[in-house]
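Everything on this sheet refers to the single structure shown next.
Order of the sequence lines sets the chain letters (A, B, ...), proteins ahead of strands, with each chain counted from 1.
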Amino acid sequence: MTQPNRLNSGGRIDRDQPMQFEFNGRRYSGFQGDTLASAMLANGVDLVGRSFKYGRRRGIVAAGAEEPNAILQLGATEATQVPNVRATQQELFDGLVAQPTSGWPSLNTDALGMVGKVFGSLLPPGFYYKTFMFPRFGWKLYEKYIRKAAGFGRSPRAEDVDQYDHLNQHADVLIVGAGAAGLAAALSAARSGARVILADEQSEMGGSLLHSRDLMGGKPATQWVADTLAELAGRDNVLLLPRSTVNGYHDHNFLTIHERRTDHIADRAPEGMSRQRLHRVRARWVVLATGAHERPLVFANNDLPGCMLASAVSTYLNRYAVAPGNKLVLMTANDYAYRTAFDWQDAGRDVVAIVDSRADVSGHYQEEAKRRGIAVLLGHGVIEARGSKKVTGAVVASLNADGSAVAGASRTLSCDLIASSGGWSPVVHLSAHTGSRPVWNDDVLGFVPGETLQQMKTAGAVKGSYDLVACLRDGAEQGAEAAKLAGFDATPATTPEVDSWPEAKAMALYSIPHTQPNSRAPKQFVDLQNDVTAAAIELATREGFESIEHVKRYTAMGFGTDQGKLGNINGMAIAAKSLGQSIPDTGTTIFRPNYTPVTFGAVVGRHCGELFEPERYTAMHDWHVQHGAEFENVGQWKRPWYYPKAGETMQQALDRECLATRESIGILDASTLGKIDIQGKDAREFIGRIYTNAWAKLAVGKCRYGLMCHEDGMVFDDGVTSCLGENHFLMTTTTGGAAGVLEWLELYHQTEWPELEVFMNTVTDHWATMTIAGPNARKLLAELCDDIDLDKDSFKFMDWRQGTVAGVPARVFRISFTGELSYEINVQANYGLHVWEKLFEHGEKYNLTPYGTESMHILRAEKGFIIAGQDTDGSVHPYDLNHGWAVKEDKPFSFIGKRGMKREDCVREGRKQLVGLKTKDPKVVLPEGAQAVDDPKQPLPMAMLGHVTSSYYSANLGRSIAMGLIKDGLNRNGDTIYYPLSNGQVVEAEICSTIFLDPKGDRQNV
Amino acid sequence: MFYIHCPYCDEHREEEEFHAKGQAHIARPLDPDACTDEEWGNFLYFRANPRGIHHELWVHAAGCRKFFNITRDTQTYAILETYRLGEQPSVTSQS
Amino acid sequence: MSDTFTAVMDQLPTADVLARSPLYQHSALRGDGLQLQENALATQLVIRGNTDDASFVQGVAKATGLALPGNLQSEANNDWRLRWIAPDEWLLTGPANAAFTMETALRENLSGHYAVINVSGGQTLVRLSGANARAVLMKSCPYDVHDRNFPAGKVVSTVFAKSQAIISRLGDDEWELVVRRSFADYIWRWLVDAGQEFGLSEHA
């Protein structure tokens, strides 16, 4: 297979390792060492996509992250699809499959050109507002086509087969960019012994030195790169991260690096290796050596395939041995770009002319051009590219002194490549991420990093210093300085001498005038990715958008994955000119993370699938799984929800579980309830301040229910606390509230009452808790426990005892959340499963039935027991719950919540209060959340009384039951209210007591 | 992602280890029952929202479980100091 | 001793009862420069107290044979390891089935304001060793586990595998995690996943 644009020698490719790849359904070949872009250019692939808005043909422009057009869809299979990949950043591998991402219906036909032309007229700048927002139905109409035509790829429809991961890194000095300055910085920092990370987005470190033909210390630049990297790689205090883009610079020197570990190897990552890795780096000092992007010049039809950046042409020639054409016209406003013409000529290709916008310039570069016999047109510009499918000619004309107008007749030069250089734009993106606004520098003709807000240094071209010697020296100094500031004894590394010619002053030029005004001239593109033209920016300013941030949003310049890498400065210059002000007055937009697109896979890392969220298990979890439990998530806990038997519906299972519990005995795994061990001589006092009720007289061996309120008087947690010793209590909390309650206790102890002698620690996980409830609970317990007197008069309701259950030391609490005779058995969790299984061995004859959280909810609702967080919502105080019995007003200390409950709003009449609800039709179960009204026929909006908080079907009662908040509900016993539902049905219900079963509590006291 | 010095562990730790608990130095009235509704309301609900220096209460939730204070610039997010409970800030909006 | 003030309880079964540690279903795993195993059923006691109180410092030393370690440090002998958790909190771990004896010994030697809490059932120890253990830790927690920041003997309570752990470095390539029982299975799965690239498996 031929590669028509491949040079016979040179470059950093390995001609002995040919590779096959596919683009847009056609097969091509390239070499090891190619990027996808260089291989495409080698094969003469001019067309890589269609433009976003106008459907114009686009080719490769750049050689790095700033590439606006060659944004491709990668992947040989559906599961390995990756959108938004820049061909310039993707290394070639054998078998690579790429598709264009824009260009429906097909890249090679001009059908979209037609669509583009039609839509183009519909899509002036501001089309988001004008076309899609008005009329409102417009967006739906166009979206389908626009998205399809304009998208930069699609997400895969199959699950990603690869894995991605995260690695937490720490560095004394993180150096971003491994060009001349970055490498020199790394040397200085590394030699000091500091922990250094050097990250570079390219496959090879070296930056522009990889295509430089400068001699460093008498040797090729690539030799210096190799020597430097060899030294760095040999140090164990240095981590080299090639193929790793530092994408975000966040607070307190936290940076994220997106490393592509295997994207260069194959379509899929090798077994056991993550495809991409996100490094989360905390760096003490950062050195930004991010370099600069060359700025193209804006001229008419500058988007034709065959218009490229000058430095990109040199990169393709020198690094990849690819000459993307034959006849070059080079347009420049500076000396540096002359090198591209020299490189081109040395590759045996024809330089048609160097078109230099500067009228009055002479120096080494111009002399060298003359020596080489290259025509130089001073004071000229390329005002228009010619060609239908790709460049066939360049229209040149002389310009006036400041380049603002065409000054003479134009003529057309025949060529197939127009390279342009308007100078360089420092890559200030990461610096801008820190919140630092870039500042304009007239000497640099670009924005440089502004005020330094973090522990950051900058080195080299990012500061607008483009001389290689200066970059090396600056890098060495900044690297040493950063290491010093990080506490290391560092000196700047010595850097080699470089023979280079002094450069004449560059001209401030951004867009080339045309013989026609911009609005009538062929389109002059500023932002190729977002299809923003010079005329569009001028239109925006004419329409009154004066702030550059507004111009950006109106035109979409610098949007999305582009982040204005190529176009921003030119766009701002055009806006400034149009507004009649300077570029610094116009200002710049701010760049945001990420610098280049990051895959969702890398963002997600291992936080997906089975590992997405921690799952907490009790000691009896395996038993629940084996016995077919359906699980409910309660916080991070997996709690058995119910245990369906074969063929049972959920309701049937619940009915069975609830009936069995009240008829004989049920068992609940209650291990998830929060348990806090409280010790100290002031433990009792402390608890009394936290809970609303009285604790002064609770004797050892006794348990008591308590309500916990916030300072505003609203209930936020509840539970039973037991007195284990005079100075020792065990507090239980709701499952979801455990961590929050412990933090709440610590907050008050540490900030308000440090003088109280009390220590609190969680013992939630230490104890396995199983609750046996039902008339046969005592009988069952007696079979397994012979050292506790279970007699109802000696081991009473709300007592606890220590003893041995199934051979295991246990604390048994006679407390009940079902209203049944109930024992909560606590054993050290390592023995939980043993005791649980023994209970079943002995419980079979009593039809011991495991029940889950749903039956627990039903059984407690039958008794009117509340669940904090379900029947309360942070706006309900104890009196609203009719729990005034749990508030001890006359405690000596003004407990938390006491004052809050006395606020005017808390003591007014007509507050929402918790009541029981019985539907008129006992079969109808009210939906939780339904709103009550007095008169369902009243006009909208209806006056609402409150909502249903808990609602179930109770098999024990043979009817539905519910609890809810009702305005003034405690004074409305017996009233009928109505619940109009969203389906139009109106449910009639009667207000009643919340205690539906056994109001005297006989069952739990037996 | 803040990097926070815990004054009890005496080390910088990642923000993930901490919980923010709001404005610092808000003392519970010693006699809540004697507070007017307005005084109680001020204690309960009213908080400063300065642009610049702010003193905040944090807890080292995944570490030593100790509460402590942070002086933070709400504009730059720079943490200017951390100090233990009972101590006073050395950096204030007046200083 | 158990008195009317604090409830001290021998929680170990007298009969022959099968104990299941939090990770009883997971056997030790090996990989390339990586080993992972549970150190099951260790005794674990939380000790709370004030280091300004000389009797507290001396009492702990007498009962455990170990000096109270300072910030982020640990002290160990053949049986016991005492870890600093907070300015007023330490975690003592040691041989299985010794909680009651040790708690009793501590209480006999301590007085005033202190607390001892048996948490042996509530957490477990996971041993992570080998040259690649550090890489697994770097995948799991944001704390800097580099030699310079985390020498042997150091103890750090931090976020770990989306939950929490107390990480101790026992030696060059020896690390120990204290994880809560309920999270143990998840953390184990996380570690196995992180060890995948080092071929972590039962039979390696």
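- Residue M620(A) does not touch chain C at all, counting heavy-atom pairs closer than 4.5 Å.
- Residue contact with chain C, scored on non-hydrogen atoms closer than 4.5 Å, is absent for T804(A).
- The existence of a salt bridge linking R616(A) and D765(A) is confirmed by a sub-4.0 Å separation between a basic side-chain nitrogen and an acidic carboxylate oxygen.
- Ranked by heavy-atom pairs shorter than 4.5 Å toward chain C, the options D165(A), T764(A), L833(A) are led by L833(A).
- Contacts between T124(C) and chain A at a heavy-atom distance below 4.5 Å are absent for every atom of the residue.
- Q636(A) touches chain C through its side chain: at least one heavy atom from C-beta onward sits under 4.5 Å away, while N, CA, C and O do not.
- Of the listed residues (T618(A), T762(A), N761(A)), the one with the most heavy-atom contacts under 4.5 Å to chain C is N761(A).
- Of the listed residues (E197(C), Q25(C), Q11(C), Q196(C)), the greatest number of heavy-atom pairs within a distance under 4.5 Å of chain A belongs to Q11(C).
- For a residue to count as touching a neighbouring chain, one of its non-hydrogen atoms must lie under 4.5 Å from one of that chain's; by this rule A810(A) touches chain C with the backbone only.
- Between D147(C) and R169(C), at least one side-chain nitrogen of the basic residue sits less than 4.0 Å from a carboxylate oxygen of the acidic one, meeting the salt-bridge criterion.
- A donor-acceptor contact closer than 3.5 angstrom links the side chains of H279(A) and E259(A).
- Heavy-atom distances place the side chain of N237(A), and not its backbone, under 4.5 Å from chain C.
- Outside the 6.0 Å centre-distance limit, the rings of Y114(C) and W90(C) are not counted as a close aromatic pair.
- F150(C) has its ring centre less than 6.0 Å from the ring centre of Y143(C).
- Taking A135(C), G122(C), G121(C), S182(C) one by one and counting their heavy-atom pairs under 4.5 Å with chain A, the maximum is reached by S182(C).
- For chain C, the nearby part of H166(A) is the backbone; its heavy atoms alone come within less than 4.5 Å.
- Residue with the most contacts toward chain A among S21(C), P22(C), C141(C): C141(C) (heavy-atom pairs, distance under 4.5 Å).
- Below 30°, between 30° and 60°, or above 60°: for H624(A) and H621(A) the angle between ring planes is above 60°, a perpendicular geometry.
- Residue E755(A) places its CD atom among more than 12 non-hydrogen atoms of other residues, nucleotides or ligands, all under 6.0 Å distant.
- Other residues, nucleotides and ligands place more than 12 heavy atoms under 6.0 Å from the NZ atom of K154(C).
- With respect to D185(C) and R189(C), a salt bridge is recorded, a charged nitrogen being found less than 4.0 Å from a carboxylate O.
- Separation of the F56(C) and H113(C) ring centroids does not fall under the 6.0 Å cut-off.
- Of the listed residues (S163(C), A161(C), S120(C), G112(C)), the one with the most heavy-atom contacts under 4.5 Å to chain A is S120(C).
- Ion pairing of D172(A) with R148(C) is present here, as a side-chain N (NZ or NE/NH1/NH2) and a carboxylate O approach within less than 4.0 Å.
- Of the listed residues K638(A), M273(A), R195(A), the one with more heavy-atom pairs under 4.5 angstrom with chain C than any other is R195(A).
- Only the backbone of V116(C) comes within less than 4.5 Å of a heavy atom in chain A; its side chain stays farther off.
- Each of H170(A), E726(A), Q828(A), R282(A) has some count of heavy-atom pairs under 4.5 Å with chain C, and the biggest count is that of H170(A).
- The minimum heavy-atom distance linking L255(A) with A283(A) is given by the pair CD1-CB, 4.4 Å.
- In this structure, the portions of H607(A) lying under 4.5 Å from any heavy atom of chain C include both its backbone and its side chain.
- Looking only at atom types and distance, the side chain of N830(A) has a donor-acceptor partner in the side chain of R181(C) under 3.5 Å away.
- Side-chain contact, N633(A) with E613(A): no donor N or O sits under 3.5 Å from an acceptor N or O.
- For a residue to count as touching a neighbouring chain, one of its non-hydrogen atoms must lie under 4.5 Å from one of that chain's; by this rule V119(C) touches chain A with backbone and side chain alike.
- Contacts between V763(A) and chain C at a heavy-atom distance below 4.5 Å involve the side chain alone, from C-beta outward.
- Looking only at heavy-atom pairs under 4.5 Å with chain A, the residue among Q44(C), Q123(C), R48(C) that has the most is R48(C).
- Proximity to chain C (any heavy atom under 4.5 Å) is shown, for R811(A), by both the backbone and the side chain.
- Cation-pi geometry between K681(A) and F5(C) is not met: the NZ or CZ atom fails to fall both under 6.0 Å from the ring centre and inside 45° of the normal.
- Using a 4.5 Å cut-off between heavy atoms, D10(C) contacts chain A through its backbone alone, with no side-chain atom that close.
- Scanning all heavy atoms of the two residues, the minimum distance from S671(A) to T769(A) falls at OG-N, 3.0 Å.
- With a 4.5 angstrom heavy-atom cutoff, D682(A) does not touch chain C via any of its atoms.
- Options E89(C), K139(C), R180(C) differ in how many heavy-atom pairs under 4.5 Å they form with chain A, and the most are formed by R180(C).
- Here P614(A) is the residue among A619(A), C723(A), A768(A), P614(A) with the most heavy-atom pairs under 4.5 Å with chain C.
- Looking at I187(C), there are no atoms closer than 4.5 Å to chain A (heavy atoms on both sides), in backbone or side chain.
- Of the two parts of A40(C), neither the backbone nor the side chain holds a non-hydrogen atom closer than 4.5 Å to a non-hydrogen atom of chain A.
- Residue contact with chain C, scored on non-hydrogen atoms closer than 4.5 Å, involves the backbone and the side chain of E615(A) alike.
- No part of V827(A) comes within reach of chain C, as not one of its non-hydrogen atoms sits under 4.5 angstrom from that chain.
- By the 4.0 Å N-to-carboxylate-O rule, D193(C) lies close enough to R606(A) to be salt-bridged with it.
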